[in-house]
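Remarks on the structure that follows.
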Amino acid sequence: MSDDVVAPVATAAPATHEPPARDITDGGPDMVQFLDADGQPVALNEVNSPYAEYVDAIDDEQLRSLYRDLVLVRRVDAEGHALQRQGELGLWPSLLGQEAAQVGAGRAMRPQDYAFPGYREHGVAWCKGVDPINLLGMFRGVNHGGWDSNENNFHLYTIVIGNQMLHASGYAMGVQKDGMVGTGDPERDTAVMAFTGDGGTAQGDYNESLVFASVAHSPVVFFVQNNHWAISEPNDRQFTIPPYQRARGFGIPGVRVDGNDVLASLAVTQGALDRARSGGGPTLIEAFTYRMGAHTTSDDPTKYRIAAEVDIWKKKDPIDRLRKHLESKGLADQEWLEALDAEADELALRIRTACQQMPNPPHSEMFEKVYAEPHPLVEREREEFLAYQASFEEED
Amino acid sequence: MSASSGAAPQKMTIAKALNAGMRAAMEADSKVVLLGEDIGKLGGVFRITEGLQKDFGEDRVIDTPLAESGIMGTAVGLALRGYRPVVEIQFDGFVYPAFDQIISQVSKMHYRSQGHLKLPMVIRIPYGGGIGAVEHHSESNEAYFAHTAGLRVVTCSSAEDGYWMMQQAIASDDPVVFYEPKRRYHERGEVELGESAPHGLHDAVVRAEGSDVTLLAYGPMVKTAMIAAQSAEAEGTSIEVIDLRSLSPLDLPVILESVKKTGRAIVAHEAQTFLGMGAELAAMIQHESFYHLEAPVIRVGGYNIPYPPSRHEEVFLPDLDRVLDAVDRSLAY
């Protein structure tokens with residue numbers, strides 16, 4: 001991506017403007033990386049060295065627990081996908097391939113940090129302590145979100161692309177007003193994270209949220225998972241300048257991180273969150289990653305993308321990469337890996353059983369909580385509905 | 001509800017009353033914050049927030065970037081953090097960039113969270129025509145929001161209501177769309193600065209008692225309706241004027257009681273009649289009091305065209321003659 005990109009000038013001659021080459025497999029020299037695709041450490045360089053302290057602080061046990069999170073999150077996702085195929089869920093948006101980006105970001109957050117997700121952030125939910133069973137309700141159609149956002153500081157999934165980005169900027173303004181920034185107390189200082197994909201960066205709300213956060217200097221970290229596809233549209237339909245470079249136009253720093261490298265994702269997010277909590281203002285992180293599956297179970301990626309592209313990214317798999325790293329350090333023997341697989345099997349069984357046993361809500365519940373205070377029309381229609389239902393019982 | 005107690009009634013404009021209502025709410029609750037374009041030093045283009053930034057600081061009266069969805073979406077975040085944002089949309093026609101946030105997020109947050117999350121916010125919209133403005137500055141888009149479950153929609157027609165309803169809207173745990181009748185901003189009225197509001201936020205109020213026809217109005221049309229009632233009285237027709245005040249929920253018992261008494265109903269509003277508040281009121285009234293009606297419910301409203309250039313607005317907006325014509329038509333049945 002050249003720095004001197006200019007808009008093409010309209011002329012009478014046929015357009016000769018070539019769109020910039022799509023940056024599909026290589027994050028370029030700006031991308032922060034600590035583990036290469038073979039799980040080998042990447043030498044310190046200009047872009048990753050500012051985050052080296054965070055990686056140095058990761059001990060062997062934390063390394064193993066990061067791997068555990070990646071494996072379990074992938075299993076949660078696989079189970080969600082299977083349950084949809086079995087007719088238990090109406091829809092499932094898979095995070096396959098994005099585990100490291102999400103676990104890195106999620107593990108960087110402290111309990112007081114608040115997350116505003118889209119609808120694919122199963123890995124962040126996991127790290128914030130939301131029971132995966134709670135994620136299924138909305139996809140099964142029994143609720144619009146089965147958890148209390150304030151229990152784990154993880155907001156409900158947001159379906160309209162980009163809406164949640166502004167909620168994050170506003171929440172961060174509230175954090176500032178509460179005086180929970182820059183106090184120096186690690187238990188107190190608070191940041192907010194906003195999650196979206198490359199498609200989300202085209203939305204007005206995304207752009208407005210960057211403006212609001214920038215001018216208010218709010219403690220918010222924008223985490224864009226550039227997974228290269230917005231349903232069937234490649235990311236060159238969303239931008240001609242990658243998100244981390246566009247950040248500069250909003251007056252905030254942008255960092256591109258290898259989203260398939262959990263150590264890099266963790267370190268870069270920790271750096272951005274530390275900056276936000278200490279009063280340094282917002283940061284935009286672009287996690288360069290890939291959506292290995294379909295957008296959701298409703299679409300068919302073979303209609304719009306070539307298998308060779310997917311094959312390239314298979315070799316960058318975030319879980320293989322960390323396993324190789326653990327093995328090279330002698331931290332993952334066969335016994336430990338098998339025990340982890342057994343734990344994943346148990347988790348999958350628990351999710352499947354809970355999903356199948358999830359009761360349908362009583363229909364009268366659909367009238368509840370429309371308003372915080374009583375609303376005569378809703379109450380009247382609820383009574384009419386109940387009377388109508390009761391009339392069938394009388395007939396029986 | 002707190003207010004300066006023991007004070008004598010004060011004569012003030014609707015604009016000043018709205019300002020005083022916000023001031024009282026801000027004094028009572030430090031979580032109340034105002035957001036909007038130009039609301040700080042300028043006091044808003046209509047000066048409704050005049051002096052509030054000076055007295056409460058830039059931290060509580062926040063001049064925002066010029067981006068309506070941004071104002072609305074950040075207000076959602078502030079409310080989720082425990083604040084009570086009061087958002088100013090500069091003009092009715094400028095609410096559309098924020099429409100998605102209001103419809104998709106503001107209205108549904110309590111429902112989709114099964115009551116775990118509350119969004120106590122007020123969306124202030126100066127609305128309606130009659131001020132000779134350019135396009136997008138004179139619209140009455142209340143039906144969009146009244147149509148949306150999860151929102152409360154209210155409008156004031158007097159200084160007293162401006163003062164009290166603003167405080168009640170801010171105190172509500174639900175999101176409230178608060179329509180301000182901009183061409184009446186400078187109408188003066190008496191405001192009782194007592195301990196409690198004379199009416200509930202969602203009460204309809206009978207402004208003039210009558211026996212022949214019920215005339216339903218709200219916001220800027222209440223004054224027109226009152227003049228109509230006085231004119232008709234001189235000709236021997238008794239009009240009962242009801243100020244709806246609340247568009248969602250509707251105070252149906254007060255409306256129906258009046259219609260059962262008079263047997264006739266006319267709805268007057270500035271908005272286009274097709275699928276407007278008048279359509280809903282007509283449907284509700286015929287459904288609930290069919291056998292009491294002596295005439296069909298008649299709607300007097302804007303025509304089904306975009307709000308026209310202001311040189312047309314004196315005939316686009318329902319005026320005294322069109323309201324009285326509707327009264328005659330109703331009585332002719």
Side-chain angles (χ1 to χ4, degrees), chain A residues 114 116 138 143-151 155-160 162-178 180 192 194 203-205 207-216 218 220 361 365-380, chain B residues 30-31 33 35 59-60 62-83 85 97-98 100-101 103-120 149-152 171-175 201-202 246 248-253 284:
Chain A
Y114 203 101
F116 285 91
M138 76 181 301
N143 57 41
H144 290 326
W147 61 95
D148 178 353
S149 312
N150 291 323
E151 267 181 20
H155 190 65
L156 296 179
Y157 278 180
T158 302
I159 305 284
V160 179
N163 275 176
Q164 77 280 6
M165 308 305 283
L166 278 166
H167 305 167
S169 288
Y171 195 93
M173 286 161 67
V175 168
Q176 280 173 303
K177 289 185 186 309
D178 291 344
M180 306 297 245
V192 181
Q203 286 279 357
D205 276 7
N207 290 278
E208 291 186 25
S209 72
L210 289 165
V211 170
F212 273 70
S214 169
V215 301
S218 312
V220 56
E365 220 174 84
M366 72 179 170
F367 294 96
E368 284 169 24
K369 311 297 182 191
V370 181
Y371 291 89
E373 296 164 12
H375 190 285
L377 181 61
V378 176
E379 293 189 353
R380 175 179 151 161
Chain B
S30 64
K31 293 291 188 183
V33 294
L35 290 93
D59 209 35
R60 292 188 64 194
I62 304 162
D63 275 320
T64 65
L66 208 157
E68 283 79 9
S69 192
I71 296 170
M72 203 63 63
T74 51
V76 169
L78 279 161
L80 291 174
R81 182 70 190 182
Y83 288 84
D100 174 33
Q101 279 288 344
I103 301 298
S104 305
Q105 302 298 332
V106 173
S107 67
K108 292 175 180 157
M109 198 65 80
H110 189 257
Y111 187 66
R112 62 197 296 267
S113 72
Q114 297 165 86
H116 289 304
L117 304 176
K118 289 187 173 57
L119 277 195
L151 300 175
R152 292 171 184 276
S172 171
D173 275 340
D174 284 313
L201 181 61
H202 298 294
S246 176
S248 176
L250 280 167
D251 188 355
L252 216 45
M284 288 238 180

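Owing to the predicted nature of the structure, the values given are computational and were not obtained by experimental measurement.
Contact annotation for K31(B): only side-chain heavy atoms (C-beta onward) come within less than 4.5 Å of a heavy atom of chain A. Looking at N207(A), there are no atoms closer than 4.5 Å to chain B (heavy atoms on both sides), in backbone or side chain. Heavy atoms closer than 4.5 Å to chain B are found in the side chain of N143(A), but not in its backbone. For chain B, the nearby part of V215(A) is the side chain; its heavy atoms alone come within less than 4.5 Å. Residue contact with chain B, scored on non-hydrogen atoms closer than 4.5 Å, is absent for S209(A). Looking at I62(B), only its side chain comes within 4.5 Å of chain A, counting heavy atoms on both sides. Proximity to chain A (any heavy atom under 4.5 Å) is shown, for A75(B), by neither the backbone nor the side chain. Interface residue P374(A): only backbone heavy atoms are found under 4.5 Å from chain B. The contact between M366(A) and chain B is made by backbone and side chain atoms together, counting heavy-atom distances below 4.5 Å. For V175(A), the parts lying near chain B are the backbone and the side chain together; criterion is any non-hydrogen pair under 4.5 Å. Interface remark: S218(A) contributes no atoms to any contact with chain B (heavy atom separation under 4.5 Å). With a threshold of 4.5 angstrom between heavy atoms, E368(A) approaches chain B through N, CA, C or O but not through any side-chain atom.
Of the listed residues (A79(B), P65(B), P85(B), G115(B)), the greatest number of heavy-atom pairs within a distance under 4.5 Å of chain A belongs to P65(B). Among L156(A), V211(A), V378(A), the residue with the largest count of heavy-atom pairs under 4.5 Å with chain B is L156(A). With chain A as the partner, the residue from D174(B), D173(B), V76(B), L252(B) showing the most heavy-atom pairs under 4.5 Å is D174(B). Heavy-atom pairs under 4.5 Å with chain B were tallied for Q176(A), H167(A), E208(A), H144(A); the largest tally goes to H167(A). For the set H155(A), M138(A), M165(A), Q164(A), the entry with the most heavy-atom pairs within less than 4.5 Å of chain B is H155(A). Contact tally against chain A (heavy-atom pairs below 4.5 Å) for S113(B), S248(B), G82(B): the top residue is S248(B). Annotation: maximal heavy-atom pairing with chain A below 4.5 Å, among L78(B), L35(B), L119(B), I71(B), occurs at L78(B).
Note on ring orientation: taking the six-membered ring where Trp is involved, the planes of H375(A) and Y371(A) are parallel (angle under 30°, cut-offs 30° and 60°).
One distance of note links CG of D251(B) with CG of L201(B); it measures 11.5 Å at 0.5 Å rounding. Rounded to the nearest 0.5 Å, atoms CG (D100(B)) and CD (Q203(A)) are 7.5 Å apart. Between the OG1 atom of T64(B) and the CE atom of M72(B) there is a distance of 10.0 Å, given to the nearest 0.5 Å.
At a threshold of 4.5 Å between non-hydrogen side-chain atoms, the residues E373(A) and R152(B) count as touching. Looking only at side-chain heavy atoms (C-beta outward), L117(B) and N150(A) come within less than 4.5 Å of each other. Between M284(B) and L377(A) there is a side-chain heavy-atom pair separated by less than 4.5 Å. T158(A) is not listed as a side-chain neighbour of F116(A), based on a closest heavy-atom distance of 4.5 Å or more.
With sequence neighbours left out, the side-chain hydrogen bond (donor to acceptor under 3.5 Å, both in side chains) criterion links Q105(B) to N163(A).
Remark: K369(A) is not positioned above the aromatic ring of Y111(B), lacking an NZ or CZ atom under 6.0 angstrom from the ring centre and at most 45 degrees off the axis.
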task: Using the side-chain contact (heavy atoms from CB on, under 4.5 Å) rule, take V33(B) and M173(A) through it: C-alpha gap first, then chi angles, then the decisive distance, then the call.
output: CA-CA 11 Å; V33(B) 294; M173(A) 286 161 67; over 6 Å; no

- request: Using the side-chain contact (heavy atoms from CB on, under 4.5 Å) rule, take L151(B) and V106(B) through it: C-alpha gap first, then chi angles, then the decisive distance, then the call.
  value: CA-CA 8 Å; L151(B) 300 175; V106(B) 173; 4.0 Å; yes

